[in-house]
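Working notes, structure below.
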Amino acid sequence: MAISDLRFPTDRTLVMGILNVTPDSFADGGRYNSIEAALHRGKRLLDEGADIVDVGGESTRPGSERISVDEELARVIPVIRALSELNAIISIDTTRAEVAIAAIEAGAKIVNDISAGLADPTMLKEVAARNVPYLAMHTRGNAKEMTSLATYKDIVAEVLNELAERVREILAAGISTKNLVLDPGIGFAKEAIHNWAILNALPQFEELGFPVLIGASRKRFLGELVDASDTDSREPATIALTAILAERRIWGVRVHDVKAHRDAIKVAGKFK
Ligand code: PMM
């Protein structure tokens, strides 16, 4: 299975809809924490035109506590199984190989690993063995450490170097070049100034030679820009960002409100 086998449209930016099955996730925390509610939300993301539904069971917000593998599996597997039966393309947002393997067995087609293989030493080999697309995101340290690790002399050069190092390891583990997507990790071990510098340097990230996905939806740096402390009120700024990224033909965006972003991408598509 290569990314091309998933038959995504190639003439526009793809939309990955966020489905956090967590009671504590920062943008939809507590609202969609039961399986039923998660399924309902997942179906809505699909109806609104999500190309991928990204199912995650563990909150990655800075400072959050880890949950057990069993708890993570219990949250995500029933949701993945049910949505896969609807022919949805599911990505599993996890840093654990065991969860990635179970998710693939339940029908997930993409592994989204915010640690790019650093959190679990067996992740890369297990993904390579199953030949599924792998989305590798840049971060530093774990959720508890990352805020203190947001120190850079040259943010763009350092993140590029660190991602390139991950790419070498990912390919050495046997994951195919056709199956790799990169993500500079907006908000992960990065302050607002770092996030903006990265977003201004997207061509350099694309020059690494892989599709690039951006996950900026409702994140704090947007709230700081438009003075929006609650996450929902950061949505207009997120949509504006998607329009710009889509006009620049970024491969994908990871967002909460799929319909609005599909619309923004349509508008961007009118600019050549
Ligand atoms: N952000 C979050 C979780 N998973 N995965 C990728 N690939 N990129 C991201 O930027 C990303 C992610 C945190 O946001 P959430 O709590 O709203 O899911």
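We count ligands from 1, going down the list as the structure has it; atoms in each ligand are counted the same way. FYI, side chains are in, hydrogens and waters are out, and symmetry mates aren't considered; it's all heavy atoms of this structure. Just so we're clear, the structure is a prediction, and the values are computed from it rather than from any experiment.
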Yes or no on side-chain hydrogen bond (donor to acceptor under 3.5 Å, both in side chains) for T95 and R66, after CA distance, side-chain angles and deciding distance? CA-CA 11 Å; T95 59; R66 295 217 67 175; 3.2 Å; yes
In terms of atom number and element, which parts of ligand 1 are under 4.0 angstrom from non-hydrogen atoms of I114? 4 (N), 5 (N), 12 (C)
Ligand 1 to D183, heavy atom cutoff 4.0 Å, flagged ligand atoms 6 (C), 7 (N), 8 (N), 9 (C), 10 (O)
With backbone taken as N, CA, C and O and side chain as the heavy atoms from C-beta onward, which portion of I214 lies under 4.0 Å from ligand 1: side chain, backbone, both, or neither? neither
Donor + acceptor pair across side chains of S115, D113 (<3.5 Å): yes
Close aromatic pair by centroid cut-off 6.0 Å: H194 and Y152: yes
Do T122 and D120 have side-chain atoms, one donor and one acceptor, less than 3.5 Å apart? yes
Are any of the N/O atoms on N112, whether in the backbone or the side chain, positioned under 3.5 angstrom from an N/O atom of ligand 1? yes
E58 and R75 ion-paired at < 4.0 Å: no
Report yes if T60 has an N/O atom closer than 3.5 Å to an N/O atom of ligand 1; otherwise report no. no
Test item: side-chain donor near acceptor, T94 and E72, under 3.5 Å: yes
Taking atom types as modelled and ignoring hydrogens, do the side chains of E235 and H261 form a donor-acceptor contact shorter than 3.5 angstrom? yes
Within the 4.0 Å heavy-atom cut-off, what R218 brings close to ligand 1 is neither
Hey, does H256 sit under 4.0 Å from ligand 1 if you only count heavy atoms? yes
What I want to know is whether G215 and ligand 1 share at least one N or O pair that is separated by under 3.5 angstrom. yes
Judging by distance only, is a nitrogen or oxygen of D93 under 3.5 angstrom from one on ligand 1? yes
Here the atoms of ligand 1 under 4.0 Å from any heavy atom belonging to N20 are 15 (P), 16 (O), 17 (O), 18 (O)
